[in-house]
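Right, one structure below, let's go through it.
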Amino acid sequence: MSKNPKVLVIVGCSKRKLGYDSSVRAPAKDMYRGRLFRLVRKYCEYMGFDYVIVSGKYGLVYPDEIIEGYDVVLKNENDIRRIQPIVEEKLQPLLKKYDKIIVVTGKMYRKVLKNLWDERFIIIRGRGYADICNTIKHAFPID
């Protein structure tokens with residue numbers, strides 16, 4: 001592994017959004033308003049890490065990609081199967097560029113990624129949402 005590994009962070013979308021219908025359009029990084037998403041975004045920007053977002057509606061989105069508001073979450077295996085091919089198609093070629101892939105998503109969203117796992121993947125886990133937020137918050141020295 002190189003001295004300065006190239007890192008990709010895969011973060012899950014958040015239920016809290018800028019808006020919930022197609023009249024609201026914004027870059028994905030601004031659409032998602034949940035605490036964990038905002039912390040991960042700030043962390044990635046501070047560290048200079050690239051990141052992508054697993055979305056219940058769009059599959060995989062890039063931070064600057066313009067998306068419409070929506071209210072869709074992954075609830076079951078059918079939802080996973082619906083977005084999995086989209087995520088794999090967009091993510092697979094991207095993964096070749098990275099030495100480490102950090103995954104900060106809920107359990108259902110991690111299942112979407114299962115066919116892509118290899119030794120580079122690191123999952124950030126906790127005893128719940130607040131615990132994961134605190135882990136991310138304490139990982140870097142800014143508010």
Side-chain angles (χ1 to χ4, degrees), residues 4-143:
N4 294 311
K6 188 96 166 111
V7 176
L8 175 68
V9 176
I10 302 172
V11 62
C13 63
S14 66
K15 184 174 182 174
R16 192 167 159 225
K17 296 178 185 69
L18 190 60
Y20 299 93
D21 61 57
S22 61
S23 68
V24 179
R25 293 176 51 86
K29 67 184 177 186
D30 298 327
M31 181 64 71
Y32 302 112
R33 311 302 265 173
R35 179 177 174 220
L36 180 59
F37 179 84
R38 288 181 293 126
L39 285 169
V40 171
R41 174 187 174 184
K42 189 183 276 190
Y43 177 71
C44 290
E45 291 170 354
Y46 178 80
M47 297 298 292
F49 294 160
D50 293 337
Y51 67 101
V52 293
I53 306 148
V54 180
S55 159
K57 177 177 180 178
Y58 294 103
L60 190 83
V61 293
Y62 301 100
D64 291 321
E65 190 173 333
I66 304 295
I67 61 172
E68 296 177 346
Y70 65 93
D71 191 16
V72 176
V73 294
L74 299 183
K75 297 177 184 164
N76 56 46
E77 295 295 324
N78 287 334
D79 293 339
I80 292 168
R81 283 192 294 278
R82 177 180 50 78
I83 69 164
Q84 196 168 30
I86 300 163
V87 172
E88 290 176 359
E89 183 178 331
K90 282 179 92 171
L91 192 55
Q92 196 144 23
L94 192 61
L95 293 177
K96 297 173 189 170
K97 297 194 263 181
Y98 297 94
D99 301 313
K100 287 185 182 179
I101 296 98
I102 299 172
V103 179
V104 187
T105 67
K107 190 177 190 178
M108 295 297 280
Y109 290 81
R110 284 195 305 266
K111 287 182 178 185
V112 171
L113 304 168
K114 70 181 178 185
N115 295 334
L116 302 170
W117 290 136
D118 64 30
E119 69 282 348
R120 298 171 298 162
F121 280 70
I122 300 164
I123 300 169
I124 304 300
R125 293 182 189 189
R127 291 183 300 273
Y129 183 82
D131 191 43
I132 295 171
C133 287
N134 285 331
T135 298
I136 299 296
K137 188 173 182 178
H138 290 100
F140 59 105
I142 61 175
D143 296 328

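Everything numeric in this text was worked out from a predicted model, so none of it was measured.
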Please report the closest heavy-atom contact between [X] and [Y], naming both atoms and the distance.
X	Y	value
K29	D64	NZ-OD1, 2.7 Å
A28	I53	CB-CD1, 3.8 Å
A26	L18	CB-CD2, 3.7 Å
I67	M31	O-CE, 3.5 Å
C13	S55	SG-CA, 3.9 Å

**Report entry** Any residue meeting ring-ring contact (aromatic ring centres under 6.0 Å, His included) with Y109, in chain and number order, not counting sequence neighbours
**Finding:**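 By the ring-ring contact (aromatic ring centres under 6.0 Å, His included) rule, Y109 matches no residue at all.
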Query raised in the report: What pairs with F121 under ring-ring contact (aromatic ring centres under 6.0 Å, His included), at least two apart in sequence or on another chain?
Result: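 F121 satisfies ring-ring contact (aromatic ring centres under 6.0 Å, His included) with W117 once adjacent residues are dropped.
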Got a second to check how far [X]'s [atom1] is from [Y]'s [atom2], nearest 0.5 Å?
X	Y	atom1	atom2	answer
L91	L113	CG	CG	6.5 Å
R41	R33	CZ	CZ	8.5 Å
I123	R110	CD1	CZ	5.5 Å

Query raised in the report: Do K57 and D79 sit within salt-bridge range, that is, some charged N less than 4.0 Å from a carboxylate O?
Result: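 No salt bridge links K57 with D79.
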Report task. Could you tell me whether R120 and D99 have a side-chain N and a carboxylate O separated by less than 4.0 Å? Result ->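 A salt bridge is absent here (no side-chain N lies under 4.0 Å from a carboxylate O).
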Report task. Go through Y70 and Y58 one step at a time and tell me if the ring-ring contact (aromatic ring centres under 6.0 Å, His included) criterion holds. Result -> CA-CA 10 Å; Y70 65 93; Y58 294 103; 5.6 Å; yes
Are any non-hydrogen side-chain atoms of [X] and [Y] less than 4.5 angstrom apart?
X	Y	result
T105	K111	no
I101	I10	yes
Q84	I86	no
K114	I80	no
V112	L74	yes
F49	Y98	no
D50	K6	yes
I102	V7	yes

Query - Counterpart residues, side chain to side chain contact (heavy atoms under 4.5 Å, CB included), relative to P85 (two or more places apart) - result: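 For P85 there are no side chain to side chain contact (heavy atoms under 4.5 Å, CB included) partners, ignoring immediate neighbours.
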Report task. Quick one: list whatever passes side chain to side chain contact (heavy atoms under 4.5 Å, CB included) with Y62, sequence neighbours left out. Result ->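 Applying side chain to side chain contact (heavy atoms under 4.5 Å, CB included) to Y62 gives V52, E65, K90, L94.
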Requested in this report: Could you pull out all residues at least two apart from R25 that satisfy salt bridge (charged side-chain N to carboxylate O under 4.0 Å, His left out)?
Outcome: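 Applying salt bridge (charged side-chain N to carboxylate O under 4.0 Å, His left out) to R25 gives E68.
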Query raised in the report: For atom CD of E89, is the number of surrounding heavy atoms from other residues, nucleotides or ligands below 6.0 Å larger than 12?
Result: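 Atom CD in E89 is not crowded, with 12 or fewer foreign heavy atoms closer than 6.0 Å.
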Query raised in the report: What's the verdict on side chain to side chain contact (heavy atoms under 4.5 Å, CB included) for E45 and Y51, showing C-alpha distance, side-chain angles and the deciding distance?
Result: CA-CA 9 Å; E45 291 170 354; Y51 67 101; 3.8 Å; yes
**Report entry** Derivation and outcome, side chain to side chain contact (heavy atoms under 4.5 Å, CB included), residues I122 and V103
**Finding:** CA-CA 6 Å; I122 300 164; V103 179; over 6 Å; no
**Report entry** Pairs where residues 10-21 contributes a residue and the test side-chain hydrogen bond (donor to acceptor under 3.5 Å, both in side chains) is met, not counting sequence neighbours
**Finding:**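 Listed by first then second residue: D21-S23.
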Report task. Please test V11 against V54 for side chain to side chain contact (heavy atoms under 4.5 Å, CB included), starting from the C-alpha separation and ending with a verdict. Result -> CA-CA 6 Å; V11 62; V54 180; over 6 Å; no
